[in-house]
Amino acid sequence: MNRNLRRFLLIPGLLAFLLPACSPKDQDKAAAPASNELAILEWAGYDAADFWIDFKNKNPAVKVSFEIGSSDADVYGKMKAGTKADIFHAYTGWLQFYVDEGLVQEIDVSRLRNWSKVPESFKAIGRFNGKQYFLPWDWGFTSILYRTDKVTGKIDSWAALLDPKYKGHISTWDDGPGMVTVSSYIHHYDETGITPEQLAAIKAEWIKQRELNLFYWAGEPELIDSMANGDVWVAYAWQGAYATLLGKGVPVAYADPKEGRNSWVGVYGIRAGTPNFELALKFLDDKLASATANSVVSQLFYGVANQEVMSGISDPTLKQAFSIDDPTVLQRTNFTPNLTARQRDDWTAMWTEVKAAP
């Protein structure tokens with residue numbers, strides 16, 4: 001999808017916590033679950049009980065287990081390989097693949113008591129061919145996070161991740177498509193139409209960057225620790241790391257790059273063919289419940305699709321992390337477009353070659 005079109009689709013959703021939502025018809029179609037076990041394909045950190053606490057409290061007899069994915073490509077690969085997870089956590093840019101390949105089944109939103117708390121523009125992110133396949137949940141920004149006591153002046157470009165003056169103190173995310181996105185911003189490439197020549201240049205650029213990069217991070221905790229102890233000065237980061245470090249009193253800033261920040265939305269899907277569909281529906285519904293949603297905002301510092309929770313944000317650190325007092329920030333944000341299967345495969349292969357290059 002064209003980036004600008006994606007922006008128009010998503011901006012209303014990210015702002016919608018300021019507006020009232022419409023409630024769907026209340027239909028009680030509850031049915032008994034097939035079992036007392038539920039498996040979730042999740043990202044590191046989200047498996048903590050606080051981020052599914054409503055379900056946990058309501059269903060103490062249910063055994064919930066987690067399989068951890070390290071990237072969009074890894075989650076997708078596990079789904080393709082036949083994971084038995086009942087529910088999976090995916091992000092914008094990759095959703096069409098799950099639908100096209102029959103890996104996800106439609107959600108009966110009339111069964112979700114908390115669905116009315118989700119703004120329509122968020123709902124649309126998970127809707128394909130007129131069917132709701134995904135439940136939108138978390139969202140946030142991606143930008144350059146930096147130590148203001150280590151870096152002279154203000155960072156205002158994604159090019160800082162490739163700047164030799166920060167050699168040995170840079171950390172980027174271990175993700176090929178993410179790095180293609182960074183290069184597309186720096187060089188003003190059309191992210192939805194990267195040519196073979198441009199991809200070759202991007203590959204060479206990131207191979208050269210390896211000598212500057214301290215490590216590739218896979219989970220936020222390792223990045224946060226390395227920035228807190230002063231090993232990393234400049235990093236590709238989600239705003240959760242920014243807010244966490246602010247809360248710890250670490251001197252950091254979150255860049256507003258001239259090329260624009262990136263933004264993403266996370267969703268949950270139910271695996272096609274799961275025998276635990278009823279229980280999975282209950283889990284998804286409780287993901288939108290107040291205690292769980294508040295934990296995401298207050299502990300991970302990400303936005304949630306529950307507009308009632310977003311409307312209640314008053315903490316100064318959270319308001320700073322979400323740029324709530326800057327009504328123009330979303331106009332300067334690049335939203336993640338959908339990848340094609342060819343882009344997914346080529347960009348992931350490119351990154352493997354970057355890390356394997358001599």
Checking V297 against M310 for the side-chain contact (heavy atoms from CB on, under 4.5 Å) test, could you report, in this order, the C-alpha distance in whole Å, the side-chain angles of both residues, the deciding distance, and whether it holds? CA-CA 8 Å; V297 173; M310 294 303 296; 4.0 Å; yes
[atom1]-[atom2] distance between [X] and [Y], expressed to the nearest 0.5 angstrom:
X	Y	atom1	atom2	answer
K150	H169	NZ	NE2	8.0 Å
L284	L279	CG	CG	11.0 Å
I186	T181	CD1	OG1	11.0 Å
I87	F283	CD1	CZ	5.5 Å
T340	D346	OG1	CG	8.0 Å
L339	Q96	CG	CD	11.5 Å

Closest non-hydrogen atom pair between [X] and [Y], with its separation:
X	Y	value
L145	A253	CD1-O, 3.4 Å
L288	A293	O-CB, 4.4 Å
Y146	I155	OH-N, 3.4 Å
P275	D86	CD-OD1, 4.3 Å
P136	A305	O-CB, 3.4 Å

Verdict with supporting geometry, I202 and M350, side-chain contact (heavy atoms from CB on, under 4.5 Å): CA-CA 9 Å; I202 291 170; M350 179 277 296; 4.2 Å; yes
Applying salt bridge (charged side-chain N to carboxylate O under 4.0 Å, His left out) to D74 and K78, what does each step give before you reach the verdict? CA-CA 6 Å; D74 187 40; K78 291 180 187 301; 3.8 Å; yes
I'd like to know if the side chain of [X] and the backbone of [Y] have a donor-acceptor N/O pair within less than 3.5 Å.
X	Y	value
N213	Q209	no
S263	G140	yes
R111	K282	no
R210	V354	yes
K63	A39	no
S226	E222	yes
Q105	R271	yes
D285	R113	yes
Q132	K123	yes
N306	V309	yes

Hey, which of F141, Y254, W217 is the one that makes ring pair (Phe, Tyr, Trp, His ring centres under 6.0 Å) with W238?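 Running ring pair (Phe, Tyr, Trp, His ring centres under 6.0 Å) over F141, Y254, W217 with W238 returns exactly one hit, W217.
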Minimum side-chain heavy-atom gap T142-W173 below 4.5 Å: no
Does I40 reach the side chain of D47, with side-chain heavy atoms less than 4.5 Å apart? no
Centroid-to-centroid, F88 to Y76, below 6.0 Å? no
Would you check if the distance from the ring center of W43 to the ring center of Y46 is below 6.0 Å? no
For residues 292-302, which residue pairs qualify under side-chain hydrogen bond (donor to acceptor under 3.5 Å, both in side chains), counting only residues two or more places apart or in two chains? D50-Q299, D54-T292, E220-Y302
Between E42 and Y268, is the side-chain hydrogen bond (donor to acceptor under 3.5 Å, both in side chains) condition met? List the steps. CA-CA 9 Å; E42 190 53 280; Y268 283 99; 2.5 Å; yes
Should the pair W351 and W206 be assigned to parallel (<30°), tilted (30 to 60°) or perpendicular (>60°) ring geometry? perpendicular
Students often mix this up, so state it plainly: with edges at 30° and 60°, are the rings of H89 and W137 parallel, tilted or perpendicular?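 Perpendicular: the ring planes of H89 and W137 meet at over 60°.
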Please assess R127 against E120 for the test side-chain contact (heavy atoms from CB on, under 4.5 Å), listing each intermediate value before the final yes or no. CA-CA 11 Å; R127 190 180 301 136; E120 173 56 33; 2.9 Å; yes
Between [X] and [Y], a side-chain donor and acceptor under 3.5 Å:
X	Y	answer
Q239	S143	no
E205	H187	yes
Y185	N262	yes

Check for me, please, whether I53 and L112 land in the same ILVMFWY cluster - side-chain distances under 4.5 Å, paths through other members count.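 They do not share one cluster, since no chain of ILVMFWY contacts under 4.5 Å joins I53 to L112.
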If you measure from the Lys or Arg side-chain nitrogens to the Asp or Glu carboxylate oxygens, is any gap between K84 and E37 under 4.0 Å? no
Ion pair R344/D72, N-O distance below 4.0 Å: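 No, no charged N to carboxylate O under 4.0 Å.
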Would I194 and W347 count as a side-chain contact (heavy atoms from CB on, under 4.5 Å) here? Give the steps. CA-CA 10 Å; I194 298 294; W347 298 1; 3.6 Å; yes
Partners passing side-chain contact (heavy atoms from CB on, under 4.5 Å) against D163 (at least two apart in sequence or in another chain):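 Here the qualifying residues are K165, Y166.
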